[in-house]
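Below is one structure, written out as structure tokens, with a few remarks after it.
All figures in this text were calculated on a predicted structure; none of them were measured in a lab. Per chain, numbering begins at 1; letters A, B, ... match sequence-line order.
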2 protein chains.
Amino acid sequence: MTLNTLVDHSNCEDCPIRHRAVCARCDADELIALEEIKYYRSFEAGQTIIWSGDQMNFVGSVVSGIATLTQTMEDGRTQMVGLLLPSDFVGRPGRDSAAYDVVATTDVVMCCFRKKPFEDLMNSTPHIAQRLLQMTLDELDAAREWMLVLGRKTAREKIASLLSIIARRDASVSQKGLSGPIVFDLPLTREAMADYLGLTLETVSRQISALKKDKVILLEGKRHVTVPDIGRLMEEAGDDADGGFLV
Amino acid sequence: MTLNTLVDHSNCEDCPIRHRAVCARCDADELIALEEIKYYRSFEAGQTIIWSGDQMNFVGSVVSGIATLTQTMEDGRTQMVGLLLPSDFVGRPGRDSAAYDVVATTDVVMCCFRKKPFEDLMNSTPHIAQRLLQMTLDELDAAREWMLVLGRKTAREKIASLLSIIARRDASVSQKGLSGPIVFDLPLTREAMADYLGLTLETVSRQISALKKDKVILLEGKRHVTVPDIGRLMEEAGDDADGGFLV
DNA sequence: CGGAACCTTGAGGTGTATCAATGCTTGTGG
DNA sequence: CCACAAGCATTGATACACCTCAAGGTTCCG
């Protein structure tokens with residue numbers, strides 16, 4: 001069996017996603033209540049965490065790794081509708097069947113809560129509900145930004161948009177700022193990128209090659225990317241490069 | 001001046017969106033507190049309610065009419081990212097500049113609250129925050145469903161998807177059920193539909209003509225639509241017609 | 001070494017965009 | 001009451017971005 005469930009009452013204070021996850025606003029007592037009901041689960045790269053339509057008896061946060069949220073049509077066309085990074089929340093309080101497939105793209109560790117106890121705790125702990133509202137509003141903004149990408153951008157702009165988002169997130173995590181070159185590894189296959197961008201994997205491959213030829217990005221192997229000038233990349237994405245990001 | 005602001009402490013109990021809006025869960029006392037700070041504003045068809053980037057000093061609910069949420073790129077490409085119907089909420093607590101343009105498509109009446117007093121009330125009234133969370137989660141689901149439409153559906157499927165959504169909403173409002181023909185007026189121009197679907201207005205026009213020729217819909221004039229068989233329309237949309245809707 | 005997974009590149013086809021002309025409604029002013 | 005303009009919609013011809021199908025390359029692992 002590749003699935004691993006650990007009951008672990010380790011200290012939330014030391015958790016790497018403590019300040020960003022659904023528990024971000026909780027104070028010490030509230031964390032203790034959460035620790036009582038939490039447990040960890042691990043998933044291997046490629047594993048499906050949740051099947052669309054299945055009963056959802058838990059909710060939780062991604063602690064490490066990357067997962068995707070995808071929808072599939074009857075004829076097999078698929079569209080990724082969300083990218084789950086560490087601290088992102090999975091599951092919807094008040095609903096019991098899953099609306100999307102959740103798939104681990106890399107190895108993933110999740111901090112889970114059984115749904116019912118979590119809902120009870122949410123009702124008695126405004127800090128959790130407040131934080132969840134804030135996170136949901138952020139996700140809604142991200143989804144709407146992505147609607148512009150899907151609906152109106154060219155293939156080249158779509159690729160540049162995706163790379164720009166990953167590059168900026170990585171720069172903010174590694175605290176390097178946006179003035180120098182940004183280096184990162186692509187966490188997605190060409191096919192997963194295609195599913196995110198509403199393209200075919202061939203088009204993704206061609207456009208990445210084109211951006212490389214034009215020196216917008218440098219590639220070492222298939223996944224290791226260097227962005228020499230994030231402003232240039234954002235121009236290629238059709239975004240306003242002076243939107244207040246480059247302070 | 002076409003803009004009309006009315007201070008109106010009329011009874012929330014009689015409000016047409018009482019049971020669906022952000023105040024849906026409020027009890028009598030809470031409604032009184034809301035009545036203290038609410039005011040109505042009217043907008044004419046075509047008027048911009050909020051400009052993207054502007055200071056947002058109020059939030060509110062659509063009481064009647066239809067508004068759109070749109071994003072625009074520097075070169076003028078636009079994508080609609082939301083359709084605001086009666087009871088939908090506008091504005092984001094905790095943010096002070098607007099992220100999108102909000103435009104009245106028909107004449108619109110909104111029930112507004114100044115942002116600060118509303119935020120205060122939200123913190124002291126869990127029922128409001130709870131309802132807002134629920135509504136935001138619903139909007140997120142709708143946005144993700146739309147991502148599939150934008151990313152993976154053909155022009156014909158896109159049109160069918162939009163018509164199917166409007167048709168089903170109208171059927172649910174008029175309590176007619178989904179067994180017989182559904183009749184409604186399109187609340188959007190061809191151009192607005194194109195902006196919603198990530199198409200050009202010419203393609204929208206062609207696909208509507210095609211669906212008409214194939215008897216999937218009947219048209220009287222340019223806006224008055226009859227859907228003889230909603231199941232057929234949902235098939236055209238690529239949706240599973242027996243997804244539990246046709247009970 | 002052989003196979004599997006992933007990626008790249010090419011050739012040709014197709015769906016939608018673009019450009020352009022025309023039609024239909026509605027409202028306005030002479 | 002007609003003439004005209006403005007806004008919205010339809011239809012046609014053509015262009016091109018992206019998809020589809022196909023072959024071959026790279027990397028990794030048993």
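- Using a 4.0 Å heavy-atom cutoff across all strands shown, A/Thr189 reaches sugar-phosphate atoms only and no base atom.
- Under the rule for a ring pair (Phe, Tyr, Trp, His ring centres under 6.0 Å), A/Tyr100 has no partner lying at least two apart in sequence or in another chain.
- Residues A/Gln79 and A/Thr72 have side chains not in contact (no heavy-atom distance under 4.5 Å, counting atoms from C-beta outward).
- Looking at residues two or more places apart in sequence or on another chain, you find no side-chain hydrogen bond (donor to acceptor under 3.5 Å, both in side chains) involving A/Gln207.
- Applying the salt bridge (Lys or Arg N to Asp or Glu O under 4.0 Å) test to every pair with at least one member in residues 191-217 of chain B, sequence neighbours left out, gives these pairs: A/Arg152-B/Asp195, B/Arg156-B/Asp214.
- Among the atoms of the strands shown, none is found under 4.0 Å from any heavy atom of B/Arg77.
- Residues meeting the side-chain hydrogen bond (donor to acceptor under 3.5 Å, both in side chains) test with A/Thr203, sequence neighbours left out: A/Thr200.
- In this structure, B/Asp107 has no side-chain hydrogen bond (donor to acceptor under 3.5 Å, both in side chains) partners at least two apart in sequence or on a different chain.
- Computed from coordinates, the B/Ile159 CD1 to D/dA9 P distance equals 12 Å when rounded to whole Å.
- For B/Lys153, the side-chain hydrogen bond (donor to acceptor under 3.5 Å, both in side chains) criterion is met by B/Ser161, B/Asp239, not counting sequence neighbours.
- A/Ser64 is linked by a side chain to side chain contact (heavy atoms under 4.5 Å, CB included) to A/Val109, counting only residues two or more places apart in sequence or in another chain.
- In the 5' to 3' direction, nucleotides of DNA chain C lying under 4.0 Å from heavy atoms of chain A begin and end at C/dC7 to C/dA11.
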Revision key, fill the gap. The contact string for nucleotides 17-30 of chain D, one letter per nucleotide 5' to 3', using protein heavy atoms under 4.0 Å with B, S and - for base, sugar-phosphate only and none, comes out as -SSBB---------

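- At whole-Å resolution of the value, CG in B/Leu219 and C1' in D/dA9 are 11 Å apart.
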